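Worksheet for the structure shown next.
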Amino acid sequence: MKMINLKYSEILKLNKNLEKKDKTSSYNISLLSNITIHQSKEVIEYSIRKEGINANITLGEYDNIIQDSKKQSNNSAVIIFWELAHLFEGFHYKVELLSEIEVVALEKKLKSEIIFVLENLKSCQLVVFNKFSSLLFTSLNIHSSRLNLLKNKLNEYLESLESNNIKLANIDDVISYIGYEKSFDLRYFYSAKAPYSIDFFKAYATYIKPLLMSINGKSKKILIFDCDNTLWKGILGEDGFDGIEMSSETENGKIFQEVQSIASYLSKQGILIGLCSKNNLDDVNNVLFNNEFLVLKDSQIAIKKINWSDKASNLLEISKELNITLQDFVFIDDSEFECNLIKELLPEVTVLQVPKKLINYPKMLRDNLGLFYKFSNTYEDSLKTQMYHHQKQRSANQVNFSSIDDYLRSLDLKLKIYKNNSKQISRIAQMSQKTNQFNLTTKRYAAGEINKMMLNKKIIIYTFSVEDKYGDSGVTGLSIIKKDKDIAEIDSFLLSCRVIGRNLEYAFLDYFIQDLKKQNVKTLNAKFIKSNKNIQVNNFYDECTFKVIFENENTKNYSLMVNNYSKDQINYIKVTTNE
Amino acid sequence: MNKSSEEKIKNVMSIVFDIPINQINDGTSAKTTISWDSLRHMNLIIGLEEEFEIEFNDDDIGNLLSFSSINSYINKLI
């Protein structure tokens with residue numbers, strides 16, 4: 001859960017649970033400040049303890065930054081909250097009354113104090129110095145305050161001092177991100193010198209977290225994208241090469257153009273980019289090599305797993321082939337099913353889901369760029385993708401997942417099967433026209449034709465809708481059966497690609513074979529007709545114990561003695577009917 | 001008296017003051033609780049404000065120094 005959505009008391013509790021008795025291996029951070037910021041201790045601790053860093057924060061003495069800076073040799077990191085408004089009691093209004101000369105003298109004194117403090121912290125691995133801010137006293141007033149001018153001068157000075165171990169945190173970014181009202185709590189400013197709200201500290205902890213993660217070697221190294229509706233708008237297998245969008249000329253395309261640019265930027269920073277998508281490799285390669293609007297180039301992609309295997313196995317293979325631990329992985333997909341599969345099976349992987357509202361997608365990615373933050377980028381970093389291309393060693397070992405079934409079981413899958421449901425005519429026609437990948441015969445029917453079939457006693461149209469604990473996918477499966485006495489034929493069998501990978505096809509087939517049996521069908525014939533897109537199902541009927549009776553380059557004809565058919569042993573899909 | 005709000009208050013107090021929840025009763029106050037200092041008092045108010053999605057009046061904060069006064073104060077607000 002995001003920090004900002006956790007209550008303070010929840011953070012206190014969670015943080016305490018993560019506290020380790022062993023202080024010898026702890027990552028010690030000291031917070032120095034001239035204001036009251038004690039709530040930030042647990043919030044910052046928790047933000048990195050939950051990532052496996054055994055953080056321990058101590059608070060310096062109140063308003064004692066200068067003296068405290070001498071006593072930091074035991075700490076790995078020091079965070080400095082130096083509040084301009086409280087340089088001395090009432091500073092924020094008293095400064096406006098000072099003379100020009102007094103302000104210059106003050107500026108000089110402050111600069112020498114800053115230098116003194118930073119000199120003392122020279123050997124500290126990381127110093128996070130908050131830039132000075134005057135936003136607490138901002139107003140809708142064009143007149144610039146002296147406080148503001150002083151702030152600008154001091155920040156300019158701070159910027160000149162930024163170095164390998166001294167990092168500036170621009171708290172104005174944090175304040176503007178969550179808003180003025182949420183950032184401050186004036187009730188405690190006057191009574192306890194505590195201007196910042198708990199929401200501010202939650203956002204601040206998120207803001208500086210990349211620094212603390214990076215210095216602890218916990219920056220993410222690889223970002224794995226799904227393709228359809230993640231790298232481009234649309235489903236390649238259904239919408240086709242010309243139907244997907246990633247050009248800045250269309251509204252949706254713009255969003256994906258921006259996403260690809262972010263990925264491309266990361267690649268230039270030495271972050272590896274990978275693809276993991278249920279698609280045909282040739283189709284995806286065609287896009288990568290020939291789509292004129294593509295920003296993320298094939299050469300920037302370190303590894304591709306474009307196949308029909310489950311994504312957890314694919315990520316494990318990537319981890320093996322590139323020798324990168326799963327903790328270093330970020331995986332992004334638009335499908336809730338795929339995201340949850342990875343969360344359940346590979347909990348070490350950081351999973352991002354494309355927001356339902358597409359306009360929030362680029363922002364979501366930008367919000368997560370901190371995951372990849374690195375202190376410095378080297379020339380080697382920018383060559384990393386190339387290096388991996390050269391080093392890649394394919395491991396022949398197939399990664400098997402016994403727990404895929406466990407995951408599917410946890411989903412609470414409910415299959416509702418319909419027979420000749422005339423309300424679904426337009427959806428049935430649409431599925432027959434759009435579905436390419438899981439489609440055994442790829443026969444296309446118009447709504448009028450489906451309507452006729454519904455009236456034909458010799459034709460049965462089975463459809464299903466599917467629901468799991470995350471929601472309802474609607475009508476997503478279809479089979480059209482033509483029947484003649486005791487012989488029947490599967491004319492069409494298809495599943496929409498958004499429900500592939502849940503073994504629904506087996507439960508669906510089980511159901512309608514039993515139903516046909518009740519109607520005295522003895523022989524069930526079926527066909528696989530090869531298309532450019534349906535290679536993933538070329539052995540589907542073989543797996544379901546149908547016998548091949550004829551085969552050529554493009555077609556396989558099958559037959560099944562209905563009495564010999566044994567049901568698949570899938571007990572985690574609850575099947576109901578709507579007859 | 002709203003039982004669940006009482007439980008919620010005790011829960012936040014127990015976390016903030018780091019004391020077992022069953023030790024908190026009507027007699028619990030800043031005087032009887034060693035860890036109830038001014039900083040933790042601030043934490044308590046923040047915790048309760050988030051828990052009940054309310055805002056305490058700044059004039060009242062300093063007077064709410066016992067479980068029973070907080071409980072009756074919150075029950076008036078929610």
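So you know, we letter chains A, B, ... as the sequences are listed, proteins then strands, and number each from 1. The model shown is predicted, which means the values in this text are computed figures rather than measured ones.
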Side-chain atoms of residues 76-91 of chain A: list all donor-acceptor pairs with protein atoms under 3.5 Å, sequence neighbours left out, distances to 0.1 Å.
| residue | atom | partner | partner atom | Å |
| --- | --- | --- | --- | --- |
| A/E83 | OE1 | A/Y196 | OH | 2.7 |
| A/H86 | NE2 | A/Y62 | OH | 3.3 |
| A/E89 | OE1 | A/K193 | NZ | 3.2 |

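By the 4.0 Å N-to-carboxylate-O rule, B/D18 lies close enough to A/K16 to be salt-bridged with it. Salt bridge annotation for B/E49-A/R187: present, with a cationic side-chain nitrogen under 4.0 angstrom from a carboxylate oxygen.
Using a 4.5 Å cut-off between heavy atoms, A/S191 makes no contact with chain B at all. For a residue to count as touching a neighbouring chain, one of its non-hydrogen atoms must lie under 4.5 Å from one of that chain's; by this rule B/I61 touches chain A with the side chain only.
Side chain to side chain, A/D185 and A/S197 fail the donor-acceptor criterion of an N or O pair below 3.5 Å.
Among the candidates B/V16, B/I45, B/I15, the residue making the largest number of heavy-atom pairs closer than 4.5 Å to chain A is B/I15. In terms of non-hydrogen atom pairs under 4.5 Å with chain A, the most contact-rich of B/D58, B/V12, B/I46, B/L39 is B/L39.
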